[in-house]
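To find a chain, count down the sequence lines: A is the first, B the second, and so on, and within it residues start at 1. Owing to the predicted nature of the structure, the values given are computational and were not obtained by experimental measurement.
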Amino acid sequence: MKYNPGRVEKKWQKIWDEQKIYDIPGKGKKFYHLVMFPYPSGDLHIGHWYNFSPADVYARKKRMEGSRVFSPIGFDAFGLPAENAAIKREIHPETWTYENIERMKKQLVSMGPIYDWSRELATCDPKYYKWTQWIFLQLFKAGLAYRKKVPANFCPSCNTVLANEQVVEGECERCGCEVLQRDIEQWLFHIREYVDELLSALNDLDWPEKTKLMQKNWIGKSEGVEVEFSVGGHPLRVFTTRPDTLFGATYLVISPEHPFLDNIKRTQVQNLEELESYVMKARKKSEKERTSEDKEKTGVRLEGVLAVNPLSGEEIPVFVGDYVLLHYGTGAIMAVPAHDKRDYSFAKKHNLPIKRVIHSASDLPYEGEGDLVASGEFTGMKSSEAKEKINQYLEKKKKAEKKVNYKIRDWLVSRQRYWGAPIPIIYCKNCFQKKGREGVDYTIFEGEDHAIIPVEEKDLPVVLPYLEDFTPSGEGRSPLSKDKNFTEVVCPRCGKEAKRETDTLDTFVCSSWYYLRYADPHNDKVFADKKNIKEWLPVDIYIGGAEHSVLHLLYSRFITKVLRDQGHLNFHEPFLKLRHQGMILGPDGQKMSKSKGNVVDPDKEVEKHGADAVRMYLCFMGPYDQGGPWNPRGILGVKRFLERVWKIKDDVKEEENKKLEKIMHQTVKKVTEDIEELRFNTAISAMMTFLNEAKEPGKEQMKTFLVLLSPFAPHFTEEVWSYLGFKGSIHNQNWPTYDLAKTKEEVITLVVQVNGKVRDKIEISATKSESQVKKIALESEKTKKWIDGKKIKKVVIIKNRLINIVTE
RNA sequence: GCCGCGGUGGCGGAAUCGGUAUACGCGACGGACUUAAAAUCCGUUGGGAAAAUUCCCUUGUGGGUUCGAGUCCCACCCGCGGCACCA
């Protein structure tokens with residue numbers, strides 16, 4: 001009879017659940033095994049399966065090796081798609097989200113994973129986001145959360161702030177209106193405070209080098225100098241990493257938003273109209289447009305304004321150009337067209353002088369270092385020396401200061417949206433009037449000065465009200481601003497009328513600490529009890545997509561460090577070991593998408609072949625971190641493999657099959673090592689090789705083989721296990737061990753090479769000495785033919801593998 | 001443009017420290033079983049020459065190091081991912 005996965009899988013899932021066989025045992029070394037929790041977007045797709053099922057193989061093997069494996073799951077449940085679905089399909093975001101969670105849970109169960117459902121969480125649950133809000137308050141109290149005007153994409157027709165994703169080619173995705181950049185008072189986290197540690201601590205992490213490098217580049221530390229120019233009589237600082245090229249600075253460029261412009265605009269700039277229209281235009285462009293390589297670098301010269309180079313005393317023109325960004329460096333640059341390609345193309349376009357100050361044989365622009373030319377008293381020095389000397393010279397004159405700049409910006413955490421955790425802040429006009437600007441945090445809210453009052457911890461959570469109408473409010477405010485019951489509150493400080501913050505938190509805040517909550521998900525006194533944190537954290541292995549290499553992983557590291565500094569945690573890094581899975585492509589080798597019609601539906605595959613076959617095929621198709629195309633026929637290979645195991649269960653003999661002893665030990669070794677390194681594909685091929693040899697296995701051999709297979713095909717192996725009358729659940733067996741001595745071959749194939757070319761292969765005993773090997777090789781008829789009277793120059797012997805005879 | 005990763009049969013891929021290239025699987029071809037087909041089982045399967053023993057070629061391209069290179073070095077070509085006027 002053929003194996004019937006549909007019936008068998010459901011049967012065992014029910015039994016495992018009833019008997020709670022995956023409950024964490026009391027003994028053993030703790031092992032926190034984490035997968036990136038899914039966003040409940042609708043259905044579990046094949047990418048989720050690719051993250052979760054090979055990860056589950058790993059967890060199961062660790063468990064059988066005796067670790068207390070903790071493998072929780074939950075849902076990253078706040079976010080924009082819920083709101084979009086709500087508006088499109090007239091279903092409340094909450095209903096939509098929870099319906100999706102229910103469906104996805106069933107699909108997750110169908111994979112047969114060992115998840116501990118008693119610890120399931122969803123970030124949109126008030127019991128969860130109470131602590132997200134609490135974490136916000138910790139940052140606020142530590143001075144790490146602050147308000148600032150930040151430009152946002154704004155659609156003037158919908159009157160709403162748009163996410164980057166909602167801006168399509170500079171237009172609003174809903175109404176097609178041109179999107180503007182508009183400054184809005186928003187909340188930010190001061191992640192820059194932690195950059196040095198975020199950077200240096202990367203070294204100790206067992207993460208892919210690629211991911212570490214991406215974080216490093218994202219932080220983007222660069223050491224340089226701020227140099228003061230005199231512009232129209234006013235001091236203006238520029239940041240440069242190349243003070244050695246100062247003599248080559250032929251103009252300055254200032255960012256269009258730079259407040260410095262106010263100093264000189266009215267009094268000195270002769271082409272004010274041109275300038276203002278340029279600034280207006282620049283404000284419409286997104287940062288991407290401004291900074292795109294293929295777009296021309298635009299700018300407007302400030303007529304009537306000159307800058308004085310502090311080193312050469314030379315007077316040079318000044319431009320406003322949108323390729324200079326306000327938030328990086330000082331928002332102004334000295335342009336050295338001979339030695340910077342962006343300045344070079346700008347200079348070419350505006351016909352500005354290009355002055356070489358670094359000697360090199362190559363064409364301009366030359367961005368490397370070298371000997372200085374045409375640089376006054378610094379001429380002839382090397383770049384490195386000139387940097388020092390020029391710094392010293394300018395520092396003495398108080399015209400320069402060493403500075404470290406970072407590319408990373410502070411973390412913008414407020415969102416003008418409904419489906420998120422409300423920011424636990426109250427704005428009080430009365431408190432501001434009473435205390436004034438001294439001794440109180442204040443901000444502009446609804447156009448007036450207000451004191452910023454954090455919600456009292458005892459009043460958490462600030463519950464997201466159930467709105468019927470969650471369309472944007474207009475004026476770029478969150479839909480929450482329309483609910484007076486929510487916005488109108490009593491100030492916890494003075495007891496007078498006050499207003500609630502209506503922005504919600506970025507979902508990255510919610511997902512930056514969920515791995516802590518799993519340790520103690522039902523606690524309503526603290527975010528997680530210290531004892532539980534100590535029991536499980538930090539995470540021993542974290543498995544998920546490479547698309548989170550920067551944001552999620554960096555934010556989680558930051559929050560961990562903040563909570564540590566507030567005395568709530570005593571470790572430094574949340575994820576000790578990190579691994580990424582690759583991406584599953586459609587059968588055509590393209591990214592899966594509905595429009596291409598190449599989407600693989602895991603539910604259908606499970607129905608056709610069984611969850612075990614899907615799990616195994618995902619493991620087998622290629623290296624885990626590379627992913628690859630789904631081949632609908634490929635899954636038949638692993639399915640046939642399982643069918644063949646199903647057949648040999650009836651050929652199992654009481655006695656051991658001596659012929660299988662060596663390959664058995666080899667297979668145990670290979671599968672054990674490969675799973676540890678997440679090389680699931682080669683682990684499976686080793687089991688296939690074993691099965692190809694294994695006719696009439698002994699009872700113990702069959703047991704061992706089934707246990708090796710059980711992490712991959714948990715339902716199937718449990719069924720065979722029980723069919724053969726073995727006791728208990730296969731999943732509570734110990735992981736098999738092997739004897740290294742018994743994996744060794746007694747007879748090896750000696751490869752005989754003459755001058756590096758294989759000329760013969762001879763079966764010999766592995767115990768032969770080097771001189772015996774040499775004798776055998778030289779006596780071979782096939783070898784003799786190639787040596788044939790030539791003088792032997794050299795013989796190289798690699799033990800138990802190869803001999804290379806080198807002739808004249 | 002910069003950074004990172006990769007390029008091996010018809011296809012997915014394997015190959016420890018530089019030591020038998022193409023394991024394992026898919027597909028294809030031939031055979032067994034069957035009235036037939038599916039399923040299953042057995043065999044063949046990198047390319048070329050030859051009746052055959054056998055020989056030559058082959059890991060994107062071209063060079064190099066080495067007794068020996070898929071693996072190391074240099075240059076180039078192609079594909080994928082990330083970042084991007086970052087001064």
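Taking the nucleotide of RNA chain B with the nearest heavy atom to each of A:N804 and A:M583, the more 5' of the two is matched to A:N804. Where A:Y406 and A:N681 each meet RNA chain B at their nearest nucleotide, the meeting point lying more 5' is that of A:N681.
As judged by a 4.0 angstrom heavy-atom cut-off over every strand, A:L213 is placed among residues touching the sugar-phosphate backbone only. A:V751 comes within contact range of at least one nucleobase, with a heavy-atom separation under 4.0 Å. No contact: A:E643 has no heavy atom under 4.0 Å from any strand. A:N692 comes within 4.0 angstrom of the backbone, heavy atoms only, and of no base. A:K2 comes within 4.0 angstrom of nothing in the nucleic acid, heavy atoms only.
With respect to A:D206 and A:K212, no salt bridge is recorded, no charged nitrogen being found less than 4.0 Å from a carboxylate O. With respect to A:E223 and A:K402, no salt bridge is recorded, no charged nitrogen being found less than 4.0 Å from a carboxylate O.
For the pair A:D322 CG and B:rA87 P, the computed distance is 18 Å after rounding to whole Å. Put simply, CD1 on A:I333 is 9 Å from C1' on B:rC85, counting in whole angstrom units. Atom NE2 of A:H327 is separated from atom P of B:rA84 by 10 Å (rounded to the nearest Å). Whole-Å rounding puts the A:W786 CH2 to B:rC55 C1' distance at 7 Å. In this structure, the CG atom of A:N800 is 15 Å from the C1' atom of B:rU16, given to the nearest Å. In this structure, OH of A:Y328 is placed 4 Å from P of B:rA87, rounded to the nearest angstrom. The distance between atom NZ of A:K407 and atom P of B:rC3, rounded to the nearest whole Å, is 14 Å. The CD-C1' distance, from A:Q626 to B:rA14, rounds to 12 Å in whole Å.
The two residues A:I191 and A:W411 make their nearest non-hydrogen contact at CG2-N, 4.0 Å. Looking at every heavy atom in both residues, A:K221 comes nearest to A:L199 through CD-CD2, 3.7 Å.
Proximity note for A:L636 (side chain, C-beta onward) versus B:rA14, B:rG27, B:rC83: the nearest is B:rG27. Minimum atom distance to the side chain of A:S222 is reached by B:rA87, of the listed B:rG19, B:rA87, B:rC26. Comparing B:rG12, B:rA14, B:rG81 by their nearest atom to the side chain of A:P623 picks out B:rA14. Ranking B:rG19, B:rG12, B:rA21 by closeness to the A:P629 side chain, first place goes to B:rG12. When distances run from any side-chain atom of A:R644 to the nucleotides B:rU20, B:rC26, B:rG25, the shortest one goes to B:rG25. Proximity note for A:M621 (side chain, C-beta onward) versus B:rG82, B:rG12, B:rG25: the nearest is B:rG12. Of the candidates B:rC85, B:rU20, B:rC67, the closest approach to any side-chain atom of A:V796 belongs to B:rC67. Picking from B:rC55, B:rA84, B:rC85 the nucleotide with the shortest atom distance to the side chain of A:K785 gives B:rC55.
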What's the verdict on side chain to side chain donor-acceptor pair (under 3.5 Å) for A:S255 and A:Y328, showing C-alpha distance, side-chain angles and the deciding distance? CA-CA 10 Å; A:S255 154; A:Y328 188 80; over 6 Å; no

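Contact annotation: A:R759 reaches the phosphate of B:rC56 (side-chain N/O to OP1 or OP2, under 4.0 Å). Residue A:R801 has no polar side-chain atom (N or O) positioned under 4.0 Å from OP1 or OP2 of B:rU16. Put simply, A:R640 has a side-chain N or O that comes within less than 4.0 Å of OP1 or OP2 on B:rU40. In this model, the phosphate group of B:rC57 is approached by a side-chain N or O of A:K757 to a distance below 4.0 Å at OP1 or OP2. The side chain of A:K210 places no N or O atom within less than 4.0 Å of a non-bridging phosphate oxygen (OP1 or OP2) of B:rC5.
Base pairing of B:rG81 is made with B:rC3, judged by Watson-Crick or G-U wobble geometry with both donor-acceptor distances under 3.5 Å. Base-pair partner of B:rA32: B:rU40 (Watson-Crick or G-U wobble, both distances under 3.5 Å). Within the shown strands, B:rG27 is the pairing partner of B:rU45 under the Watson-Crick or G-U definition, both distances less than 3.5 Å. Across all strands shown, B:rU20 forms no Watson-Crick or G-U wobble pair with both distances under 3.5 Å.
Using modelled atom types, no side-chain atom of A:D739 and backbone atom of A:H665 make a donor-acceptor pair closer than 3.5 Å.
Glycosidic conformation of B:rC17: syn, with the torsion inside 90° of 0. Glycosidic torsion of B:rG31 falls outside 90° of 0, placing the base in anti.
Atom P of B:rA23 sits at a distance of 22 Å from the matching atom of B:rG30, rounded to the whole Å. Atom name C1', nucleotides B:rC74 and B:rG25: the rounded distance is 37 Å, in whole Å.
Between A:F680 and A:F712, the two ring planes are perpendicular [angle over 60°; tilted spans 30° to 60°].
Between A:T682 and the options A:M687, A:E673, A:K670, A:E677, a side chain to side chain contact (heavy atoms under 4.5 Å, CB included) holds for only A:K670.
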